[in-house]
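One structure is given here, and the rest of the page talks about it.
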Amino acid sequence: MDLEFNPFKPGSGLRPPALEGRDEQIGAFELLVARSKRQNYDRGPILSGLRGVGKTTLLNTLVEHADRQGWLTIAIEARPSEAGTTAVRAKLSQELTVGLRRYSRKHRIQHAIDPLIDLARGFSLGLGLGPATASFSLDQRPAASGDIDLDLEELVEAITAELRPRSSAFGLFIDEMQDLDSDLLSALLAVQHRASQREWPFFLIGAGLPNLPAVLAGNRSYAERQFLYSTIGPLTPAAAADALRIPVRRQGGDFTDDALAVLVQASGGYPYFLQEYGKAIWNIAPHSPFQLEDAELAVEVGRRHLDEGFFPSRWNRATDRERRYLTALAATGEETPRSGKVAQLMGSTATGVSDVRNSAIRKGLIWAPEHGRIAFTVPGMADFIRRQPAE
Ligand SMILES: Nc1ncnc2c1ncn2[C@@H]1O[C@H](COP(=O)(O)OP(=O)(O)OP(=O)(O)O)[C@@H](O)[C@H]1O
Ligand SMILES: [Mg+2]
């Protein structure tokens with residue numbers, strides 16, 4: 001088919017040609033926004049799931065909806081490591097100022113929002129970041145107590161006090177939320193807690209790896225009750241088929257049923273894989289409808305692309321020792337083996353390898369689905385590792 005018109009988009013957070021299988025989460029969020037307009041506040045969603053399952057895409061969809069509905073929206077992506085902490089804090093401060101400015105222009109309420117912008121600048125000072133721009137109006141003392149909990153609370157209270165009478169709300173959307181530095185996370189959870197109690201329209205909305213709910217609960221015990229937790233999983237076979245067929249039909253093409261079935265099966269319903277296989281079959285098939293042979297070839301080509309991009313981008317981030325751990329995990333042949341079993345395959349004990357296990361968890365390569373068990377965060381990673389030539 002004509003390469004130029006290929007609708008499929010394997011990538012990170014790229015809007016897919018058809019966003020399938022997420023009606024439940026989108027519907028729940030639309031309800032939250034609709035209720036917020038009536039000053040009837042619910043819990044915000046936390047979306048967690050494996051790599052490439054479509055969390056960022058879904059989060060972006062929610063941001064756009066909230067934005068269209070008149071919310072003040074701010075979106076950031078957390079990052080691990082100390083350098084990441086500073087960068088993320090700087091980004092948060094910057095986005096706060098930019099978001100407030102955009103909001104005030106859109107709704108033509110500069111007089112109400114300008115003092116909040118000063119306050120937001122004070123907040124970045126308090127974070128030790130220095131002012132985004134040098135000047136503060138003289139009568140506005142910035143909230144720079146330096147105590148991140150207090151400053152954040154003051155800021156959110158002031159912002160929501162302006163938004164509430166306008167039936168609007170403040171949504172702070174955080175991707176890769178498991179990587180947020182624990183001081184900032186703890187301040188945000190405390191503010192969310194306070195906001196719910198006082199009916200301030202403030203919503204933390206997060207997306208991240210499957211360990212995110214545990215990270216939140218580990219930070220503040222009440223986090224378990226603060227959010228609506230939603231696991232973002234692979235698409236059902238019907239939704240996966242739609243994710244492939246709808247974009248192709250839109251361009252006047254189609255699949256034979258058996259060709260479609262082969263791709264759905266090979267993808268396991270994982271959105272990233274669907275985009276990769278969809279892209280491959282479009283490029284391979286000489287004409288429509290796409291045939292079984294086209295699909296079989298597309299799986300081969302798509303898998304090669306995954307082996308050259310999706311998997312190595314994770315694998316290459318691992319140290320030699322972490323790779324040995326991942327290889328042992330793959331060698332168990334189980335989805336969620338006991339950590340002890342992995343350690344045994346490395347000729348060690350669970351305690352002996354706990355440091356490497358923890359560092360791989362911090363890098364988001366693996367996670368602990370339950371106490372004493374371990375699993376990959378990347379679907380298909382075990383097969384990829386088993387395909388690697390032994391070193
Ligand atoms: N519901 C869906 N239907 C079809 N394709 C989707 C869907 N959701 C996401 N995709 C596609 O899947 C790919 C991965 O999506 P996304 O980057 O949102 O995943 P992610 O869960 O954030 O991954 P990571 O954990 O690596 O950040 C993108 O190419 C996106 O276009
Ligand atoms: Mg993502």
Side-chain angles (χ1 to χ4, degrees), residues 6-29 45-65 75-80 84 88 173-180 205-213 215 230-250 255 260 263-264 266-282 302 305-306 309-317 361-367 375-381 384:
N6 194 328
F8 294 101
K9 291 184 185 171
S12 172
L14 295 179
R15 180 201 292 276
L19 180 75
E20 294 301 318
R22 304 297 183 221
D23 291 353
E24 190 187 321
Q25 289 85 4
I26 294 173
F29 185 72
I46 295 288
L47 316 167
S48 58
L50 298 178
R51 290 277 169 217
V53 83
K55 303 175 297 292
T56 301
T57 304
L58 182 55
L59 194 69
N60 291 344
T61 307
L62 304 187
V63 176
E64 283 163 22
H65 176 74
I76 58 167
E77 184 186 321
R79 285 196 240 152
V88 170
F173 298 78
I174 307 180
D175 200 5
E176 302 288 347
M177 195 175 181
Q178 75 283 342
D179 288 336
L180 208 60
I205 292 141
L209 289 177
N211 66 339
L212 175 57
V215 168
S230 176
T231 302
I232 308 302
L235 304 184
T236 61
D242 281 347
L244 290 168
R245 185 166 247 166
I246 290 172
V248 169
R249 283 198 171 153
R250 229 182 261 144
F255 292 82
L260 190 61
L263 297 192
V264 167
S267 73
Y270 283 102
Y272 191 98
F273 300 170
L274 283 166
Q275 297 302 320
E276 197 75 88
Y277 294 144
K279 184 172 184 181
I281 198 167
W282 179 281
H305 279 168
L306 292 169
F310 184 76
F311 294 118
S313 69
R314 324 289 172 186
W315 182 242
N316 294 339
R317 281 168 46 209
I361 290 179
R362 273 199 304 279
K363 283 190 185 167
L365 298 165
I366 54 173
W367 70 295
F376 286 105
T377 55
V378 183
M381 191 75 187
F384 167 76

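Note that ligands are numbered from 1 as they come in the structure, with each ligand's atoms numbered from 1 the same way. Values reported hereafter were calculated over all heavy atoms of this structure, with side chains retained and with hydrogens, waters and symmetry mates removed.
- With ligand atoms numbered from 1 in the order given, ligand 1 contributes 28 (C), 29 (O), 31 (O) to contacts under 4.0 Å with heavy atoms of Lys9.
- Shortest contact from atom 5 (N) of ligand 1 to any protein heavy atom: Gln275 NE2, 2.9 Å.
- Between Leu14 and ligand 1, at least one N/O pair is under 3.5 Å apart.
- Contacts with ligand 1 closer than 4.0 Å are made by no heavy atom of Ala207, backbone or side chain.
- Residues Asn60 and Phe173 are not in side-chain contact: their nearest non-hydrogen atoms beyond the backbone lie 4.5 Å or more apart.
- Using a 4.0 Å cutoff on heavy atoms, Pro17 does not count as a contact of ligand 1.
- Close approach to Glu176 involves these atoms of ligand 1, each under 4.0 Å from a residue heavy atom: 27 (O).
- For ligand 1, the polar-atom distance check against Gly54 finds a nitrogen or oxygen pair separated by under 3.5 Å.
- Distance alone, capped at 3.5 Å, places no donor-acceptor pair between the Thr57 side chain and the Arg15 backbone.
- Contact check on Arg51 versus Glu176 returns a salt bridge, with a Lys/Arg side-chain nitrogen under 4.0 Å from an Asp/Glu carboxylate oxygen.
- Listed by number with element, the atoms of ligand 1 under 4.0 Å from a non-hydrogen atom of Gly13 are 16 (P), 17 (O), 18 (O).
- Heavy-atom distances between Pro10 and ligand 1 reach below 4.0 Å in at least one pair.
- Between the side chain of Arg317 and the backbone N or O of Lys363 there is at least one donor-acceptor pair closer than 3.5 Å.
- At distances below 3.5 Å, not a single donor-acceptor pair connects side-chain atoms of Lys55 with backbone N or O atoms of Ile232.
- Counting heavy atoms of neighbouring residues, nucleotides and ligands inside a 6.0 Å radius, atom CZ of Arg250 exceeds 12 of them.
- Of all heavy-atom pairs spanning Gln178 and Gly208, the tightest one is OE1-CA, 3.1 Å.
- Taking every non-hydrogen atom of Thr56 and a distance limit under 4.0 Å, the qualifying atoms of ligand 1 come out as 18 (O), 20 (P), 22 (O), 27 (O).
- Atoms of ligand 1 found under 4.0 Å from any heavy atom of Glu20 (numbered from 1 in listed order, with element): 1 (N), 2 (C), 3 (N).
- When each atom of ligand 1 is checked for a heavy atom of Ala18 under 4.0 Å away, the hits are 3 (N), 4 (C).
- Distances from the Mg ion (ligand 2) show that Ser12 has no N/O/S atom below 2.8 Å.
- Protein heavy atom closest to atom 18 (O) of ligand 1, with residue, atom name and distance, is Thr57 OG1, 2.6 Å.
- The closest approach between Arg314 and ligand 1 falls below 4.0 Å for a heavy atom of the residue.
- Remark: ligand 1 and Leu19 share no N or O pair separated by less than 3.5 Å (distance only, no angle test).
- Among the atoms of Lys55, some N or O lies under 3.5 angstrom from an N or O of ligand 1.
- Here the shortest heavy-atom distance to atom 14 (C) of ligand 1, taken over Ala243, Pro271, Gly11, belongs to Gly11.
- Not close to ligand 1: Leu274, with no non-hydrogen atom less than 4.0 angstrom away.
- The aromatic rings of Phe311 and Phe384 sit parallel to each other, their planes meeting at less than 30°, with 60° as the upper class boundary.
- Summary of contacts: the protein heavy atom closest to atom 23 (O) of ligand 1 is Gly52 N, 2.8 Å.
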